[in-house]
Amino acid sequence: MRIKTIKIEELKYNAFQTRISGIEVDNEFSELANSIRENGLLQPIIIDIDNTIISGYRRVAACKL
């Protein structure tokens, strides 16, 4: 396992991601975005060697929000 920091613009969405159809801005998602804004991103985003998101699609979308 290797930890690295990359720019959010460098992340690529996985074409097979079931949530790719769109994030519904609901109360839970708004709470996630507010939490990240106040506390930072506390759980890691898991990506592959090509910077494709494997885990953490909602966290990335909330960060962009």
Colleague: Can you name the side chain to side chain contact (heavy atoms under 4.5 Å, CB included) partners of Asn51, sequence neighbours left out?
Modeller: Lys4, Ile6, Glu10, Ile47
Colleague: So, using side chain to side chain contact (heavy atoms under 4.5 Å, CB included) as the criterion, who are the partners of Ala62 when residues are at least two apart?
Modeller: Phe29, Leu32, Ala33, Ile36
Colleague: So, taking the atom named CD1 in Ile45 and the one named OG in Ser55, what distance separates them when rounded to the nearest 0.5 Å?
Modeller: 7.0 Å
Colleague: Would you compute the distance between atom CG of Asp50 and atom NZ of Lys12 and round it to the nearest 0.5 angstrom?
Modeller: 5.0 Å
Colleague: Other than Ile46, what residues sit in its cluster of Ile, Leu, Val, Met, Phe, Trp and Tyr side chains whose heavy atoms are under 4.5 Å apart, directly or through others?
Modeller: Ile54
Colleague: With heavy-atom distances below 4.5 Å as the criterion, would you say the side chains of Ile53 and Leu11 are in contact?
Modeller: yes
Colleague: Looking at OG of Ser35 and CZ of Arg59, how far apart are the two atoms once the value is rounded to the nearest 0.5 Å?
Modeller: 11.5 Å
